[in-house]
Amino acid sequence: MSLRDELTELGDLFRAYQKRPEPDLALLADLQGRKARAFLTWSDVSCDVTLRLEAQRAEQAAAVIRRQHQHRTGCVPDGEEPGVARLLTGPAQWEYARSVLAYVAGHTPLPGAEARLLVLMLTLRTAHTGTGNLVGQDVNALSLTDPEDLVQQLTDCGWLSLPGTVGDLLASRPENPTPITVPALVPGTDGTGPFTFGRKTRPKLSGWAQRVVSDKKLRKAKAPADARLLAVTLATWTDDVGRLGPGGRDVTLDALTTRVPVGADELRDLVDRLTAADWLTDTALTDTHLTGRLTERVLPLTCPLPD
């Protein structure tokens with residue numbers, strides 16, 4: 001490509017960037033880097049010192065913007081603090097979180113979003129060995145319509161095993177937690193279960209999900225269980241700056257409703273609730289897609305999708 005063609009294309013690309021609805025710092029840094037190289041070549045050809053200075057300014061701009069992007073996404077050099085200090089700290093943990101959500105979507109024994117949320121939280125408590133401890137507040141904090149009945153249904157169908165009654169579980173306190181068992185998660189004779197993460201990762205994933213569903217603004221808004229399930233699902237379906245979907249493009253409703261089993265009208269209400277709770281912003285919901293992004297406030301709870 002000739003220098004003239006490169007400069008013409010760069011002009012077009014910068015004008016197109018200015019029309020973007022959302023900033024893309026990685027793209028902008030690349031454009032500034034290309035501008036620096038083009039202007040440096042131009043200055044060599046024309047012996048124009050001002051063009052060399054312009055090339056230096058573009059290179060400096062590229063470095064600053066690239067650093068801003070690194071701090072925003074947490075991809076910073078060793079020894080530096082990331083701009084977003086995520087609760088789950090890297091791609092492996094983010095994929096583990098998605099693997100649990102995918103598993104729960106296919107293995108919840110009861111219909112409805114409330115059952116899905118409760119099974120998610122109990123799965124995370126017992127994921128490594130099939131056993132764990134639970135107290136009443138863990139269940140009562142999920143804003144379930146009838147927590148006692150839902151837990152009873154899970155025990156009646158054999159998915160959950162308790163040493164006593166459901167009432168005993170809901171009345172239990174931190175000083176005397178209730179041991180629970182999820183038989184489907186107990187490792188087989190070969191010592192393996194449905195998940196590949198280790199003993200130390202399980203409480204990190206459980207703590208992350210607990211932080212999401214008990215978010216202070218969701219609690220203040222008295223968000224129902226299905227809204228909390230949507231929140232934890234969308235937290236795993238963003239790009240590195242919080243835009244929904246792969247590459248920040250969007251989430252298809254077909255994919256979303258496989259994880260959050262609600263109808264179209266219910267989904268619209270849930271999106272409005274999360275927007276009012278300062279969880280989502282810039283949303284647009286069509287018959288097929290949801291676009292938008294998570295707010296700056298909740299970026300530390302996100303699990304970015306791979307590029």
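In this text the structure is predicted, and so the values were computed from the model without any measurement.
Between D44 and R52 a salt bridge is recorded (basic side-chain N to carboxylate O distance below 4.0 Å). Checked for salt-bridge contact, R268 and D265 miss the test: no charged N lies under 4.0 Å from a carboxylate O. Looking at E54 and K35, a side-chain N of the basic residue comes within less than 4.0 Å of a carboxylate O on the acidic one, giving a salt bridge. Comment: E9 engages R34 in a salt bridge, judged by a side-chain N to carboxylate O separation of less than 4.0 angstrom.
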Take L170 and T178 through the test side chain to side chain contact (heavy atoms under 4.5 Å, CB included) and record every step on the way to the result.
-> CA-CA 9 Å; L170 296 180; T178 298; over 6 Å; no
Would Q93 and C303 count as a side chain to side chain contact (heavy atoms under 4.5 Å, CB included) if you check the C-alpha gap in whole Å, the side-chain angles of each, and the deciding distance to 0.1 Å?
-> CA-CA 8 Å; Q93 293 183 1; C303 299; over 6 Å; no
Do L234 and T302 pass the side chain to side chain contact (heavy atoms under 4.5 Å, CB included) test, and can you show the C-alpha distance, the side-chain angles, and the key distance before you say yes or no?
-> CA-CA 8 Å; L234 292 180; T302 56; over 6 Å; no
Given the rule in the side chain to side chain contact (heavy atoms under 4.5 Å, CB included) test, do R243 and V241 qualify, once you have shown the distances and angles that lead to the verdict?
-> CA-CA 6 Å; R243 296 174 299 189; V241 293; 3.6 Å; yes
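Both L267 and V213 are assigned to one and the same hydrophobic cluster, defined by single-linkage of ILVMFWY side chains at heavy-atom distances under 4.5 Å. In the hydrophobic cluster analysis, where Ile, Leu, Val, Met, Phe, Trp and Tyr join through side-chain heavy atoms closer than 4.5 angstrom, L27 is grouped together with F14. L40 and L13 fall into different hydrophobic clusters, where Ile, Leu, Val, Met, Phe, Trp and Tyr are joined by side-chain heavy atoms under 4.5 Å apart, directly or via other members. Residues V135 and V119 fall into different hydrophobic clusters, defined by Ile, Leu, Val, Met, Phe, Trp and Tyr side chains chained together at heavy-atom separations under 4.5 Å.
Residues W237 and L101 are not in side-chain contact: their nearest non-hydrogen atoms beyond the backbone lie 4.5 Å or more apart. Using a 4.5 Å cut-off on side-chain heavy atoms (C-beta onward), S99 and T196 make no contact. Two residues are said to be in side-chain contact when any heavy atoms from C-beta on lie closer than 4.5 Å; N133 and I180 fail this criterion. At least one side-chain heavy atom of Y17 sits less than 4.5 Å from a side-chain heavy atom of L28. Taking 4.5 Å as the limit, every side-chain heavy atom of T155 sits out of range of all side-chain heavy atoms of S161. For the pair P224/E114, no side-chain contact is recorded, criterion being any heavy-atom separation below 4.5 Å from C-beta on. Looking only at side-chain heavy atoms (C-beta outward), V262 and D269 stay at 4.5 Å or farther from each other. With contacts defined as side-chain heavy-atom distances shorter than 4.5 Å, the pair W159/T108 does not qualify.
The main-chain N or O of V212 is never found under 3.5 Å from a side-chain atom of D215 such that the two would form a donor-acceptor pair. Of the possible polar contacts, one joining the W208 side chain to the L301 backbone as a donor-acceptor pair under 3.5 Å is found. Judged by distance alone, with hydrogens and angles left aside, the side-chain atoms of N176 form no donor-acceptor pair with the main-chain N or O of S172 at under 3.5 Å. Side-chain N or O atoms of R202 include one that pairs as donor or acceptor with a backbone N or O of L124 at under 3.5 Å. Of the possible polar contacts, none joining the Q32 side chain to the A29 backbone as a donor-acceptor pair under 3.5 Å is found. Panel note: side chain S206, backbone P203; no donor-acceptor pair is recorded below 3.5 Å. Counting only distance, with no hydrogens or angles, the side chain of T286 and the backbone of T288 share a donor-acceptor pair below 3.5 Å. The backbone N or O of L88 lies less than 3.5 Å from a partner atom in the side chain of W94, making a donor-acceptor pair.
For D254 and T252, the side-chain atoms include no donor-acceptor pair closer than 3.5 Å. In this model, no donor atom of one side chain and acceptor atom of the other lie less than 3.5 Å apart for T126 and T131. In the model, D5 has no side-chain atom that pairs as donor or acceptor with a side-chain atom of T8 under 3.5 Å. Under the 3.5 Å distance criterion, with hydrogens and angles disregarded, a donor-acceptor pair is assigned to the side chains of S143 and R228. Counted by atom type alone, T281 and R293 present zero donor-acceptor pairs between their side chains at under 3.5 Å.
With rounding to the nearest 0.5 angstrom, the CG atom of L118 is 8.0 Å from the CG atom of L160. If you take CG on L144 and CG on D149, they are separated by 10.5 Å, rounding to the nearest 0.5 Å. In this structure, CZ on R125 lies 11.5 Å from CG on L120, to the nearest 0.5 angstrom. One finds the CZ atom of R98 at 11.5 Å from the CG atom of L205 (value rounded to the nearest 0.5 Å). Note that the CE atom of M121 and the OG1 atom of T123 stand 10.0 Å from one another [nearest 0.5 Å]. If you take CZ on F39 and CG on L10, they are separated by 8.0 Å, rounding to the nearest 0.5 Å.
Pairing each heavy atom of T236 with each of L305, the nearest pair is O-CD2, 3.7 Å. Nearest heavy-atom pair, A105 versus T258, reported as atom, atom and distance to 0.1 Å: CB-O, 3.7 Å. Taking both residues in full, the closest heavy atoms of L117 and A225 are given as CD2-O, 3.5 Å, listed atom of the first, atom of the second, then distance. Considering all non-hydrogen atoms of both residues, P300 and A85 come closest at CB-O, 3.5 Å. The minimum heavy-atom distance between G263 and E266, with the atom names listed, is N-OE1, 2.7 Å. Contact record, G33 with A62: N-CB, 3.7 Å, taken as the closest heavy-atom pair.
Among the candidates T283, V251, D250, the single residue satisfying the side-chain contact (heavy atoms from CB on, under 4.5 Å) test with T291 is D250. Screening V151, L134, D168 for a side-chain contact (heavy atoms from CB on, under 4.5 Å) with L162, the sole residue that qualifies is V151.
The environment of D287 atom CG is sparse: at most 12 non-hydrogen atoms of other residues, nucleotides or ligands sit within 6.0 angstrom.
Two rings, from Y103 and F195, have their centers less than 6.0 Å apart.
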